[in-house]
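When a residue number appears, it is its place in the shown sequence, counting from 1.
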Amino acid sequence: QLQLVESGGGLVQPGGSLRLSCAASGFTLDYYAIGWFRQAPGKEREGVSCISSSNGNTNYVDSVKGRFTISRDNAKNTVYLQMNSLKPEDTAVYYCAARLGWGTLTGEYDYWGQGTQVTVSS
């Protein structure tokens with residue numbers, strides 16, 4: 001069965017850090033672009049970051065540039081989202097997604113995880 005499982009979410013204070021993990025099973029992430037998305041209550045899902053499969057190209061939504069870093073470890077079949085200097089507005093459920101082809105913050109993805117809650121509050 002093809003699955004993506006997110007982990008690493010939790011409650012942190014503003015300015016804190018979290019590292020989210022997206023682990024794949026049933027397939028290898030080597031050939032897939034991976035995107036991180038988030039959805040806050042009452043808002044549409046937003047593309048946060050993505051990373052391409054064949055090169056190191058990454059993209060970030062403007063609001064997280066300089067604070068978040070996406071990376072992949074193909075040996076572990078896992079993609080990470082390092083989140084630093086967290087702000088209350090980063091609070092959302094974070095999802096990872098995989099697709100063949102180019103990474104995108106707005107495009108279609110083939111596989112989605114169940115999400116992990118990130119809450120930034122003092």
Answer yes or no: is there a side-chain heavy-atom contact under 4.5 Å between [X] and [Y]?
X     : Y     : result
Arg38 : Val64 : yes
Tyr60 : Ile70 : yes
Leu20 : Met83 : yes

Quick check: does any side chain N or O of Ser49 sit under 3.5 Å from a backbone N or O of Asn59, one acting as donor and the other as acceptor?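 Present.
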Which atom pairs, one a donor and one an acceptor, fall under 3.5 Å between side chains of residues 23-37 and the rest of the protein, sequence neighbours left out?
| from | atom 1 | to | atom 2 | distance (Å) |
| --- | --- | --- | --- | --- |
| Thr28 | OG1 | Asp30 | N | 3.3 |
| Thr28 | OG1 | Asp30 | OD1 | 2.6 |

So, for Thr104 and Arg99, which heavy atoms are closest and what is the spacing to 0.1 Å?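 For Thr104 versus Arg99, the nearest heavy atoms are CG2-NH1, 3.6 Å.
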Separation between [atom1] of [X] and [atom2] of [Y], rounded to the nearest 0.5 Å:
X      : Y      : atom1 : atom2 : value
Thr106 : Arg45  : OG1   : CZ    : 11.0 Å
Phe68  : Ser17  : CZ    : OG    : 9.5 Å
Gln114 : Leu4   : CD    : CG    : 10.0 Å
Tyr95  : Glu46  : OH    : CD    : 13.5 Å
Tyr111 : Leu100 : OH    : CG    : 7.5 Å
Ser85  : Arg67  : OG    : CZ    : 7.0 Å

Pairs of donor and acceptor atoms involving the side chains of residues 115-122, under 3.5 Å and at least two apart or interchain, shall be tabulated with distances.
| from | atom 1 | to | atom 2 | distance (Å) |
| --- | --- | --- | --- | --- |
| Thr116 | OG1 | Gly9 | N | 3.2 |
| Gln117 | NE2 | Ala92 | O | 3.4 |
| Gln117 | NE2 | Thr119 | OG1 | 3.3 |

